[in-house]
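Have a look at the structure below before the remarks.
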There are 2 protein chains.
Amino acid sequence: MNTEQTIAEIIALERAALDRWGAGDPDGYLEISAPDVSYFDPFLERRIDGREALSAWYAPLRGTIHIERYDLIEPQVQLYGDTAVLTFNLISYQGEGSIHWNCSEVYRCDSEGWCVVQTHWSITRHLQM
Amino acid sequence: MNTEQTIAEIIALERAALDRWGAGDPDGYLEISAPDVSYFDPFLERRIDGREALSAWYAPLRGTIHIERYDLIEPQVQLYGDTAVLTFNLISYQGEGSIHWNCSEVYRCDSEGWCVVQTHWSITRHLQM
């Protein structure tokens with residue numbers, strides 16, 4: 001697979017997980033997360049270590065999230081052999097409101113394909129100087 | 001170099017850059033950032049792409065930051081060959097105030113040693129469910 005195909009594959013994996021997330025299904029992300037995934041989001045007091053702990057964190061959200069649509073802004077993949085760093089801004093829309101996100105995802109390719117070893121979600125421009 | 005030494009080296013690189021940052025010197029981070037580094041922090045409207053753009057973003061901060069001390073909480077390095085994913089929580093103290101941070105850094109090892117290809121800083125528990 002050439003570089004362009006790999007980049008397209010990784011962005012497609014992310015979009016598929018995001019589509020399921022927006023329909024209330026966190027399993028899309030859990031299925032592409034590695035057992036040793038590390039994870040940050042803006043609701044947590046500390047980093048989450050491991051897919052099992054991430055699954056427990058996501059459990060109460062199942063069926064509660066309904067994103068109507070989203071804009072994935074300038075997704076970029078930095079590809080280094082078996083590692084790919086995907087970064088993007090995201091605007092998610094729900095009712096009249098929208099949330100602006102920063103996201104970084106580190107993907108690794110092993111014998112089973114690409115999976116996520118690091119996820120970091122945060123709010124865009126939370127602070128102003 | 002064995003795994004433990006590599007992990008210690010990466011954490012030491014981060015601490016050294018952080019120490020200089022807290023003394024008002026952003027060059028510590030710029031010196032360990034790769035030319036293609038991608039970067040998020042909570043003040044930005046969009047991702048920054050590349051060390052040159054990051055240097056411009058940091059320029060007005062030179063000499064203005066004074067962190068008295070910080071706690072680096074549970075730094076973890078996920079090591080995958082030439083790629084290392086460093087994650088930690090950080091509390092930085094200045095006067096009577098403190099700021100709680102999430103941080104993820106992706107390091108790559110090339111012929112010149114380890115450098116950062118992705119940086120993501122965000123505020124811990126910005127949102128509450």
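Only this structure's heavy atoms are used, side chains among them; waters, hydrogens and symmetry mates stay out. Numbered from 1 within each chain, the chains take letters A, B, ... in sequence-line order.
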Validation: residues 21-34 of chain A side-chain donor-acceptor distances under 3.5 Å, sequence neighbours left out:
| from | atom 1 | to | atom 2 | distance (Å) |
| --- | --- | --- | --- | --- |
| A:D25 | OD1 | A:D27 | N | 2.9 |
| A:D25 | OD2 | A:R20 | NE | 2.9 |
| A:D25 | OD2 | A:R20 | NH2 | 3.0 |
| A:D27 | OD1 | A:R62 | NH1 | 3.0 |
| A:D27 | OD1 | A:R62 | NH2 | 3.4 |
| A:D27 | OD2 | A:R62 | NH1 | 3.0 |
| A:Y29 | OH | A:E14 | OE2 | 2.7 |
| A:E31 | OE1 | A:R20 | NH1 | 3.1 |
| A:E31 | OE2 | A:R20 | NH2 | 3.4 |
| A:S33 | OG | A:Y29 | O | 2.8 |

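If you check the side chains of A:S104 and A:H120, you find no donor sitting under 3.5 Å from an acceptor.
Your options are B:I73, B:V85, B:V106, B:V117, and the one with the most heavy-atom pairs under 4.5 Å with chain A is B:V117. Interface check for chain A: of the options B:Q78, B:Q118, B:H100, the most heavy-atom pairs under 4.5 Å are formed by B:Q78.
A:R46 touches chain B through backbone and side chain together, each having a heavy atom under 4.5 Å away. Residue contact with chain B, scored on non-hydrogen atoms closer than 4.5 Å, involves the side chain of A:D49 exclusively. Proximity to chain A involves both the backbone and the side chain of B:R47, based on heavy atoms less than 4.5 angstrom apart. In this structure, the portions of B:E45 lying under 4.5 Å from any heavy atom of chain A include both its backbone and its side chain. Looking at B:T83, the atoms closer than 4.5 Å to chain A (heavy atoms on both sides) all sit in the side chain, from C-beta outward.
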> Step by step, would you call A:Q94 with A:Y70 a side chain to side chain contact (heavy atoms under 4.5 Å, CB included)?
Replying inline: CA-CA 9 Å; A:Q94 185 175 356; A:Y70 61 81; over 6 Å; no
>> Checking A:D82 against A:Y107 for the side chain to side chain donor-acceptor pair (under 3.5 Å) test, could you report, in this order, the C-alpha distance in whole Å, the side-chain angles of both residues, the deciding distance, and whether it holds?
In response: CA-CA 8 Å; A:D82 290 336; A:Y107 282 78; over 6 Å; no
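Remark: A:L72 CG to A:C103 SG distance equals 9.0 Å, nearest 0.5 Å.
The aromatic ring centroids of B:Y39 and B:Y58 lie less than 6.0 Å from each other.
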